[in-house]
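Below is one structure, written out as structure tokens; the observations come after it.
Keep in mind it's a predicted model, so treat the numbers as computed, not measured. Only heavy atoms go into these numbers, but all of them, side chains included; no hydrogens, no water, no symmetry mates.
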Amino acid sequence: MDHAADTFRTDLMTITRHVLNEQSRHPESRGDLTILLSHIVLGCKFVASAVNKAGLAKLTGLAGETNVQGEEQKKLDVLSNEVFVNALVSSGRTCVLVSEEDEEATFVDPKLRGKYCVCFDPLDGSSNIDCGVSIGTIFGIYMIKNQDTVTLEEVLQPGKDMIAAGYCMYGSSCTLVLSTGNGVNGFTLDPSLGEFIMTHPDIKIPPKGKIYSVNEGNAKNWDTPTAKYVEKCKYPTDGSSPKSLRYIGSMVADVHRTLLYGGIFLYPADKKSPNGKLRVMYEVFPMSFLMEEAGGQSFTGKGRSLDLIPTDIHERSPIFLGSSDDVEEIKALYAEEAKKAGSA
């Protein structure tokens, strides 16, 4: 894409225009999802602005302390959660919300209810704020059959039932990546317009990558297939070049790089976290949905990530996602291990 030429383009594909175009492909649509997504986009803009000021707020002793009026200043993750809860409720299109920040699901007042459930992590990687590393918001959207009598059981749907997912990354630029089940598109916030402009149309992950992304500090607790795979990345036996290790420690940033450049992102189960560390409903599912829509794969160590049926809103799972060929390699190692265990 010629970004220099784009500077003077007057026919811009904004995220609103893109979502409306998608809506027009479904003549029966009433625009509910479009309205919901526009509220999510507003929440992302608000958080992007707050993240940009976070360092200054700290500098002037604001974040998490009391200001001159005696009001307590909110930490950024708490603030982000409030922003998204308010944006989603006020859209009038949601009936239940699941947030990483809230222990219980939030059931929307019946007068304001719509047909969607949104699961989200308002500020993923928030421990990285102070050192300027990219952080982000992750969200997944489900449809609920009966909004008036919605129960927690209806929220615990497998990832394959998701109708839309995305993330917004707050970094050197503010990038929103979205899929409504018809491919993956990336948008960048133009601060001068206050609009997300399409900069990465129809993202497709390369079938094989040169990068692996994992927290090697946990290596002593890994199971055999993960240890074997990482060994293979570093010391390939087929004459190929070793893979490069890149690990930011912020899921949004690591997955974003994997999506654009290819490779694999791993957060396996280990002795310390036997169920893995990442949460199924608002980390594993949305990222797996995007990865599959872009032509990649996502695997839990036992099966396809999107086939998981959660039993708790904060359930955790191991995850291996990225380029199809790379994920196939780790799947083969787990199959080999299962075969050994079966014959033992």
(message) Between Y334 and F299, is the ring centroid distance below 6.0 Å?
(response) yes

(message) I'd like to know if E216 pairs up with K234 as an ion pair, taking the criterion as any Lys NZ or Arg NE/NH1/NH2 lying under 4.0 Å from an Asp or Glu carboxylate oxygen.
(response) yes

(request) Give a yes or no on whether the backbone of G183 and the side-chain of D202 come within a donor-acceptor separation of less than 3.5 Å. (result) no

(request) May I ask you to decide whether D77 forms a salt bridge with K75, counting only side-chain N to carboxylate O separations under 4.0 Å? (result) no

(request) Using a strict 4.0 Å threshold on nitrogen-to-oxygen distance, state whether E336 and K228 make a salt bridge. (result) yes

(request) Taking the side chain as every heavy atom from C-beta outward, state whether L260 and I203 have any atom pair closer than 4.5 Å. (result) yes

(message) Among T226, T300, D326, which residue satisfies the side chain to side chain contact (heavy atoms under 4.5 Å, CB included) criterion with F320?
(response) T226

(message) Could you check whether K160 pairs with E292 (Lys NZ or Arg NE/NH1/NH2 to Asp/Glu carboxylate O, under 4.0 Å)?
(response) no

(request) Taking R93 for its side chain and L36 for its backbone only, find out whether a donor-acceptor pair lies under 3.5 Å. (result) no

(message) Looking at S49 and K45, would you say the former's side chain and the latter's main chain have a donor-acceptor pair under 3.5 Å?
(response) no

(request) Indicate yes or no for a side-chain donor-acceptor contact from D102 to the backbone of E104 under 3.5 Å, with no hydrogens or angles considered. (result) no

(message) Can you tell whether the side chains of D11 and R17 come within less than 4.0 Å, N to carboxylate O?
(response) yes

Do any side-chain atoms of residues 263-271 form donor-acceptor pairs under 3.5 angstrom with protein atoms, and if so which ones, sequence neighbours left out?
from, atom 1, to, atom 2, distance (Å)
D270, OD1, K272, N, 2.9
D270, OD1, S273, N, 2.6

(message) Check whether S323 reaches the backbone of D325 with its side chain - one donor and one acceptor, N or O, closer than 3.5 Å.
(response) no

(message) I'd like to know if R246 pairs up with D254 as an ion pair, taking the criterion as any Lys NZ or Arg NE/NH1/NH2 lying under 4.0 Å from an Asp or Glu carboxylate oxygen.
(response) no

(request) List in chain and number order the residues that pass salt bridge (Lys or Arg N to Asp or Glu O under 4.0 Å) with E315, two or more places apart in sequence or in another chain; answer none if no residue qualifies. (result) none

